[in-house]
Amino acid sequence: MKGRVHEVIVAALAECHAEGLLTSGAYPSFAVERPAHAEHGDFATNLAMQLAKPERKAPRAIADVLVGKLAARTDIIARVEVAGPGFINFFITPAAWQQTLLEIEQAGDGYGKSSIGNGAKVQVEFVSANPTGPLHIGHGRGAATGDTICRLLAATGWDVTREFYYNDAGQQIANLALSVQARCLGIEADDPRWPADGYQGDYIRDVARSYLAGETVEAGDQHVIATGDPHDLDAIRRFAVAYLRREQDLDLTAFDVGFDVYYLESSLYADGRVDDTVRRIKESGYTYEQDGALWLRTTEFGDDKDRVMQKSDGGYTYFVPDVAYHLAKWERGFSRVINEQGADHHSTITRVRAGLQALGVGIPQGWPEYVLHQMVTVMRGGEEVKISKRAGTYVTLRDLIDEVGRDATRFFFVMRKPDAQLVFDIDLAKEQSNDNPVYYVQYAHARICSIFDMAAQKGIVPDFAACPLHRLDGEEEATVIRTLASFPEVVEGSAQAFEPHRIVYYLLELAGQFHSYYNRNRVVTEDLDQTTARLFLLKCIATTLKNALGLLGVSAPERM
RNA sequence: GCGCUUGUAGCUCAGCUGGAUAGAGCAACGGACUACGAAUCCGUAGGUCGGGAGUUCGAAUCUCUCCAAGCGCGCCA
């Protein structure tokens, strides 16, 4: 509907220019928005204000001219008026609003989708947890946020590739292997022989036990059989990485989060991409040697100090494989890449981009794009759950899914915009009451389904093909229809801004309007026409609720 | 000290990329089930949008500057 109004405005402006009513010939950018107050109509535009400068006339005078043309579009416009400093307010005819329900019904599962992405390729990298331990609550937020962004982009016409980057090389993995080996040998964390930066979590014991038992682990295309030899560090490393990767995969599967590509850091070394990247950066002239190390002039690209690429011991710092990895993304043809990460790693952004710029291969400055999510704190029993890796008291994603369920976990993780810190209240998420927003929304869907069941039991078979839409003439019905009609706009905005929480707020609003409507209006009555029309409205609400929940990876139950 | 993010009702948070009179849910108080699910609804009350200055027809939104909180500032990842 908004798009239709936009078209009508452009057409009117063109007419005014053609007939000399306006003289500048200007087509400024202008907004069509939904006014906060109902007295201001269904839509409003600031076009006249935007034209004031080029036309060198008062906004209200320009608005009067435009209104003369707009008023002729009686098929959708009931009334237009000039208000305030020069707003043009549109009042849409009830019939035009009611017609939008037909579009919803026809689109069905596809309602809310659009093609603004034009099928262009976009890659979203998210989670990318190190295979050194189980996924914790921060990874959970990343998984829910990243997955929802993928769903939003797919729904708006992008060709999405979901990617998980495995840091399966480097010092952390060496520490992992040493930790598992220590457990295999019965060395405790307080033993002087315990490795310096060893991982102390209980899961390390599980890995060691499994390894000694000679178990087999399958993860992705890996198929690793434990040798059970506690002195074969290389075998332990391969087994431990596969074991933890399998655990992470199981968690993500339980969370309904999937990936198209698992990219292994070790492959960047194996195929020479890391060395090649270093060589190409050196050739760029942005490097220098100092104190026995190789430095990159990242300050040339906005960093506050230069960074070491190759340490004096010959090893590369962590951002070098990161640059190599992103160069590979670019060469794979992703002109658009989005990285979803925790904000605690935000300092890598400047370095990775600097490395890519230094390569001089035509990568745009703002590439790749980043979505950073802030910290998550967990509340239980009104108190913050303190996180201590050493004591092993951190909350894993698995714990959350087991305790509060997948739907509530996903919903809560995307309830806030990524930029804001998130307080995850476990008690609230578990609660099956009106305080819990997940149940509030799901209940709306289940309630509608139950009304359809009840109507069927009464032998009512609504003929939607001949639905008397004009019977939906109440104020509350108009309100709900307007909300339904805005869904595609909400999806577009949410996708464009990488802000999944907008879908959550939309759901709460729509569910609220339905509950309110339901409490005041009886749907199934003796009046068959009215019953048919209202059931049709409810069907459209249920469809929209289900589609919106689907974007969040949350189910729309028919019964609760 | 520098960088990023945040600061809106007692609490938790929205505010549609600069629009008109700043909204919702909790909590508080008062109401609504002999008819479709009360996991619901209706009403009342609650504000110097952290402080200050600037940009313009117009600022919670953009700029600057203070204040406060979180995160990050390694030849760790």
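By convention in this document, chain letters (A, B, ...) are assigned in the order of the sequence lines, proteins followed by strands, and residues within each chain are numbered from 1.
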Query raised in the report: In Å and rounded to the nearest 0.5 Å, what is the CG to CZ distance from A:D419 to A:R416?
Result: 13.5 Å
Requested in this report: Tell me what A:D303 touches on the nucleic acid: a base, only sugar-phosphate, or nothing, going by heavy atoms under 4.0 Å.
Outcome: nothing
Requested in this report: Check every strand shown and say whether A:M560 touches a base, only sugar-phosphate, or nothing at a heavy-atom separation below 4.0 Å.
Outcome: base
Report task. Answer with base, sugar-phosphate or nothing: what part of the nucleic acid does A:R60 contact at a heavy-atom distance below 4.0 Å? Result -> nothing
Query raised in the report: Counting just side-chain N and O atoms, does A:K305 come under 4.0 Å of either OP1 or OP2 of B:C2?
Result: no
Query raised in the report: Taking any strand in view, what nucleotide pairs with B:A60 in a Watson-Crick or G-U wobble way, both distances under 3.5 Å?
Result: none
Report summary line: d(A:Q310 CD, A:I281 CD1) to nearest 0.5 Å is 11.5 Å
Query - Gap in Å between the two P atoms, one belonging to B:C2 and one to B:C64, rounded - result: 14 Å
Query raised in the report: Less than 3.5 Å between a donor and an acceptor, one on the side chain of A:H346 and one on the base of B:G3, is that the case here?
Result: yes
Report task. Any strand is fair game: report the nucleotide pairing with B:G72 by Watson-Crick or G-U wobble, both distances under 3.5 Å, or none. Result -> B:C2
Query raised in the report: Separation of A:D425 atom CG from B:C11 atom P, in whole Å?
Result: 16 Å
Query - B:C49 to B:A22 separation - C1' atoms, rounded to the nearest Å - result: 8 Å
Query raised in the report: Watson-Crick or G-U wobble partner for B:A20, using a 3.5 Å limit on both distances?
Result: none
Requested in this report: Report the distance from atom CZ of A:R522 to atom P of B:A32, rounded to the nearest whole Å.
Outcome: 20 Å
Query raised in the report: Side-chain N or O of A:R447 less than 4.0 angstrom from OP1 or OP2 on B:A38?
Result: yes
Query raised in the report: So does A:N89 reach the base of B:A20 with its side chain, donor to acceptor, closer than 3.5 Å?
Result: yes
Report summary line: Rounded to whole Å, the CZ-P distance (A:R34 to B:U17) equals 12 Å
Query raised in the report: Looking at A:H501, does any N or O in its side chain come under 4.0 Å of the phosphate oxygens OP1/OP2 on B:G15?
Result: yes
Requested in this report: For nucleotides B:C71 and B:A14, find the distance between their C1' atoms and express it as a whole number of Å.
Outcome: 24 Å
Requested in this report: Classify the angle between the aromatic ring planes of A:Y111 and A:F487 as parallel (below 30°), tilted (30 to 60°) or perpendicular (above 60°).
Outcome: tilted
Query raised in the report: Does A:Y505 place a side-chain N or O at less than 4.0 Å from the phosphate oxygens OP1/OP2 of B:G25?
Result: no
Requested in this report: Classify the nucleic acid contact of A:A497 as base, sugar-phosphate or nothing, counting any heavy atom under 4.0 Å across all strands shown.
Outcome: base
Report task. Quick one: label A:Q457 by what it contacts on the DNA or RNA (base, sugar-phosphate, nothing), any heavy atom closer than 4.0 Å. Result -> nothing
Report task. Using whole Å, report how far CD of A:Q50 lies from P of B:U17. Result -> 13 Å
Query raised in the report: Quick one: on RNA chain B, does A:G512 or A:R307 contact a more 5' nucleotide (nearest heavy atom)?
Result: A:G512
Query raised in the report: For atom C1', what is the distance between B:G15 and B:A53, given to the nearest Å?
Result: 25 Å
Query raised in the report: Heavy atoms under 4.0 Å, any strand shown: does A:D419 hit a base, just sugar-phosphate, or nothing?
Result: sugar-phosphate
Query raised in the report: Below 4.0 angstrom from OP1 or OP2 of B:C76, is there any side-chain N or O of A:K311?
Result: yes
Query raised in the report: So, A:E300 and A:R297, do they make that salt bridge, N to O below 4.0 Å?
Result: no
Query raised in the report: Between B:G43 and B:G3, how far is it from one P atom to the other, in whole Å?
Result: 48 Å
Requested in this report: Look at all strands and tell whether A:H345 reaches a base, only sugar-phosphate, or nothing, counting heavy atoms closer than 4.0 Å.
Outcome: base
Report task. May I ask you to say what A:N436 touches in the nucleic acid, namely base, sugar-phosphate or nothing, with a heavy-atom cut-off under 4.0 Å? Result -> nothing
Requested in this report: Check each of A:F43, A:F30, A:F90 against A:H6 using the ring pair (Phe, Tyr, Trp, His ring centres under 6.0 Å) test, and report the only one that passes.
Outcome: A:F30
Report task. Tell me what A:A455 touches on the nucleic acid: a base, only sugar-phosphate, or nothing, going by heavy atoms under 4.0 Å. Result -> nothing
Query - Separation of B:A68 P from A:Q421 CD (nearest whole Å) - result: 17 Å
**Report entry** Atom C1', compared across B:U61 and B:G50: separation rounded to whole Å
**Finding:** 16 Å
Query - Phosphate contact (B:C42 OP1 or OP2) by A:S516 side-chain N/O below 4.0 Å - result: yes
Requested in this report: Calculate, to the nearest 0.5 Å, the distance between atoms CZ and CD belonging to A:R520 and A:E476 respectively.
Outcome: 4.5 Å
Report task. Determine the Euclidean distance between corresponding C1' atoms of B:G7 and B:C66; express it in Å to zero decimal places. Result -> 14 Å
Report task. Rounded to the nearest angstrom, tell me the gap between atom CD in A:Q442 and atom C1' in B:A39. Result -> 11 Å
Query raised in the report: If anything within 90° of 0 is syn and all else is anti, what is B:C33?
Result: syn
Query raised in the report: Given atom CG of A:L428 and atom C1' of B:U12, what is their separation to the nearest angstrom?
Result: 10 Å
**Report entry** Residue whose closest nucleotide on RNA chain B lies nearer the 5' end, A:S450 versus A:H515
**Finding:** A:S450
Report task. Assign A:M309 to base, sugar-phosphate, or nothing according to its heavy-atom contacts below 4.0 angstrom with the strands shown. Result -> nothing
Query raised in the report: Roughly how many Å is it from CD in A:Q310 to P in B:G74, rounded to a whole number?
Result: 20 Å
Query raised in the report: With both distances kept under 3.5 Å, what pairs with B:G47, Watson-Crick or G-U wobble?
Result: none
Query raised in the report: Any donor-acceptor pair under 3.5 Å between the side chain of A:Y318 and the base of B:A77?
Result: yes
Query - Aro-ring/base stack A:Y440-B:A39, d under 5.5 Å, angle under 30° - result: no
Query raised in the report: Is a donor-acceptor pair below 3.5 Å formed from side chain A:S312 to base B:C75, judging by atom type as modelled?
Result: yes
Query raised in the report: Base, sugar-phosphate alone, or nothing: which one does A:A83 contact when heavy atoms must sit under 4.0 Å apart?
Result: base
Report task. Evaluate the salt bridge (Lys or Arg N to Asp or Glu O under 4.0 Å) criterion for residues A:D453 and A:R559: first the C-alpha distance (whole Å), next the side-chain angles of each, then the deciding distance (0.1 Å), finally the verdict. Result -> CA-CA 11 Å; A:D453 286 348; A:R559 219 163 270 110; 3.4 Å; yes
Report task. Kindly say whether A:E431 contributes a backbone atom to a donor-acceptor pair with the side chain of A:N436 at under 3.5 angstrom? Result -> yes
Requested in this report: Can you tell me the pairing partner of B:C41 across any strand shown, Watson-Crick or G-U wobble, with both distances under 3.5 angstrom?
Outcome: B:G31
Query raised in the report: Is the base of B:U61 syn or anti, where syn means the angle lies within 90° of 0?
Result: anti
Query - Residues A:D306, A:Y286; criterion side chain to side chain donor-acceptor pair (under 3.5 Å); working and verdict - result: CA-CA 10 Å; A:D306 290 341; A:Y286 285 107; over 6 Å; no
Report task. Identify whether any heavy atom of A:A444 sits under 4.0 Å from a base atom; if not, whether one sits that close to sugar-phosphate; answer base, sugar-phosphate or nothing. Result -> nothing
Query raised in the report: Using purine N1 to pyrimidine N3 plus N6-O4 or O6-N4 for Watson-Crick, or N1-O2 and O6-N3 for G-U wobble, each under 3.5 Å, what pairs with B:C26?
Result: B:G10
